There are 2 protein chains.
Amino acid sequence: MVRIKSDEVDRDNSVDKVEQILQGAMQEFLQNGYAGTSMDRVAVAAGVSKATVYSHFQDKEGLFKVLLEQLASKKNNSIFGTEPIGKEPAAVLHHLGTKALDLMNSDQEHTAFMRVLIGESGRFPELAQICVRAMIKPVAETLTQYLAAPELNIPDPEATARILLGALVHFHITQDVMHGRDIIPMESDRLIDALIHLITKRAD
Amino acid sequence: MVRIKSDEVDRDNSVDKVEQILQGAMQEFLQNGYAGTSMDRVAVAAGVSKATVYSHFQDKEGLFKVLLEQLASKKNNSIFGTEPIGKEPAAVLHHLGTKALDLMNSDQEHTAFMRVLIGESGRFPELAQICVRAMIKPVAETLTQYLAAPELNIPDPEATARILLGALVHFHITQDVMHGRDIIPMESDRLIDALIHLITKRAD
DNA sequence: GTCTATAGTAAGATAGAC
DNA sequence: GTCTATCTTACTATAGAC
């Protein structure tokens, strides 16, 4: 009777291994993309054997999907933590924009995640859709709420939210993801100030 | 004496082959990315042998770089053909925005190019920078010119151009590249109208 | 210049020992 | 459950015939 009856130990070990594997997979997939990553390297990065990887995940595609879905929910909460609507809209928008750009800028993991997500959206369309649902949609809805404030007097807050979101994310893509900082330099503050100016149109 | 002395035939054949190879390489690289593409498939798609591919291009990386640089200059001219500044700014912007979104939307090649360019920007940073210089910078500068029109009264036309460009491109990324059309649906016209409204702030 | 054939390597996935 | 060793396939790149 060598078999272990208790689920406790069994499950704990499994969870640890699964966590290790996902950690190694993240490192490799985010750095090299889907096709550029080998299961051998994932196993090495995770500190387990390749057979162990296959005992916890069906195949390379299954591992990739689980990893990206997990990352999508993580990134969602990190960038736009639901902000208390204390101050006036202009101040809130300035705070949100600055925070979002700073976070995306400083988070190498997020930059690599954007590359992989967009790069593999042709091969894994349903995965891209999951990320749109988990990351972009909630942020767009939150921004829409802010922009619907009566004093802003915006006729289409939903479309304006997409503009605001697009300006911030595309700025991150050009400056960080595509390494354009030296080619088309611009301070984050200038972008945000111009955004605030457009949105809180000076009725003076 | 079977050798051909004239350079004409020789050069024409070479150019044809090079063109064939680039065509096949485009098909494969845009569909499967860099790591996901094999030189065997490129050769088949181009209708030549693999050895012929290697006789015209140093290696896989060299072929990929030549292809993407060629595509970058092609895409640049296609989206924003220098528009005559006939009408008033609002009309020009509406026309430009509609045209840009329509072109990006209908051009599958452009969608795939965006995926590959962003997806491989980690592996090929200098290539991403070349594309920023060839595609994004000129468009941003052209838009800056339009937005500097006195009647628009925009304090920072350059930053505002980045906002406008970002809103359009990110809209394309969410709706087309990432297949988000069904998850966060929105008509192009709504985005463009909201943009025009922000920029030509009703001073009424 | 272009081809076929192949060398050499690395990939995804699994069998079997413990 | 986890490992080592291995099967099979596909890859990059080149040599040699024509």
Side-chain angles (χ1 to χ4, degrees), chain A residues 1-29 31-68 116 120 123-124, chain B residues 1-25 27-29 31-67 116 120 123-124:
Chain A
M1 286 298 189
V2 188
R3 249 184 304 163
I4 297 169
K5 293 276 181 189
S6 165
D7 289 33
E8 292 285 333
V9 175
D10 192 12
R11 196 192 301 139
D12 280 1
N13 281 344
S14 289
V15 168
D16 280 353
K17 291 287 180 187
V18 167
E19 216 33 67
Q20 273 184 51
I21 294 166
L22 283 172
Q23 189 66 32
M26 183 174 75
Q27 191 185 118
E28 295 299 319
F29 278 126
Q31 188 161 59
N32 308 111
Y34 178 77
T37 294
S38 74
M39 293 298 263
D40 286 81
R41 289 174 63 93
V42 168
V44 171
V48 300
S49 76
K50 195 162 55 164
T52 300
V53 176
Y54 277 97
S55 80
H56 288 283
F57 298 92
Q58 191 176 19
D59 54 13
K60 187 181 175 182
E61 195 171 315
L63 172 59
F64 184 69
K65 286 179 178 175
V66 170
L67 174 72
L68 256 68
V116 173
E120 308 295 348
R123 204 191 306 254
F124 300 102
Chain B
M1 286 297 188
V2 188
R3 249 184 304 161
I4 297 170
K5 293 276 182 187
S6 165
D7 290 34
E8 292 285 332
V9 176
D10 193 8
R11 195 192 303 138
D12 282 359
N13 281 344
S14 290
V15 170
D16 280 353
K17 291 287 181 188
V18 167
E19 217 33 67
Q20 273 184 50
I21 294 166
L22 284 171
Q23 189 65 32
Q27 192 185 117
E28 295 299 319
F29 278 126
Q31 188 160 58
N32 307 111
Y34 178 76
T37 294
S38 73
M39 294 297 263
D40 285 81
R41 290 175 63 94
V42 168
V44 171
V48 301
S49 75
K50 196 162 54 166
T52 300
V53 176
Y54 277 97
S55 81
H56 287 283
F57 298 92
Q58 191 176 17
D59 54 13
K60 187 181 174 182
E61 194 171 314
L63 172 58
F64 183 70
K65 286 180 177 173
V66 169
L67 174 71
V116 173
E120 308 296 347
R123 204 192 305 254
F124 300 102

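Quick note on labels: first sequence line is chain A, next is B, and so on, each numbered from 1. Computed from a predicted structure; not experimentally measured.
Distance A/Asn32 CG to C/dA10 P: 15 Å, rounded to the nearest Å. Here the C1' atom of nucleotide D/dC3 and the NZ atom of A/Lys17 are 10 Å apart, to the nearest Å. Remark: C1' of C/dG12 and CZ of A/Arg41 are 15 Å apart, rounded to the nearest angstrom. In this entry the distance linking CD of B/Glu61 with P of D/dA13 reads 9 Å, nearest Å. Straight-line distance from the NZ atom of A/Lys50 to the C1' atom of C/dG12: 6 Å, rounded to whole Å. Atom P of nucleotide D/dT12 and atom CZ of B/Phe57 are separated by 15 Å, given to the nearest angstrom. Atom CD in B/Gln58 sits about 15 Å away from atom P in D/dT12, given to the nearest Å. Rounded to an integer number of Å, the gap from NE2 of A/His56 to P of D/dT2 is 4 Å.
Contact annotation for B/Ser38: backbone-only contact, meaning every heavy-atom pair under 4.0 Å involves sugar-phosphate atoms and none involves a base.
Distances from the side chain of B/Asp59 to the nucleotides C/dG12, D/dA13, C/dC3 place D/dA13 closest. Distance from the side chain of B/Ser49 is smallest to C/dT4 among D/dT12, C/dA13, C/dT4.
Put simply, A/Thr52 has a side-chain N or O that comes within less than 4.0 Å of OP1 or OP2 on D/dC3. Regarding contacts with the backbone of D/dA13, a side-chain N or O of B/Tyr54 is found under 4.0 angstrom from either OP1 or OP2.
When atom types are taken as modelled, the side chain of B/Lys60 and the backbone of B/Thr37 share a donor-acceptor pair closer than 3.5 angstrom. Side chain of B/Lys17 to main chain of B/Val53: no donor-acceptor pair is present (N/O by atom type, distance under 3.5 Å, no hydrogens or angles).
For A/Tyr34 and A/Phe124, the distance between ring centers is under 6.0 angstrom.
If you find the closest nucleotide of DNA chain D to B/Ala51 and to B/Lys60, the one lying nearer the 5' end belongs to B/Lys60.
For the atom pair A/Glu120 CD and B/Asn32 CG, the distance stands at 10.0 Å (nearest 0.5 Å).
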Step-by-step side chain to side chain donor-acceptor pair (under 3.5 Å) determination, A/Thr52 to A/Ser49
CA-CA 5 Å; A/Thr52 300; A/Ser49 76; 3.1 Å; yes

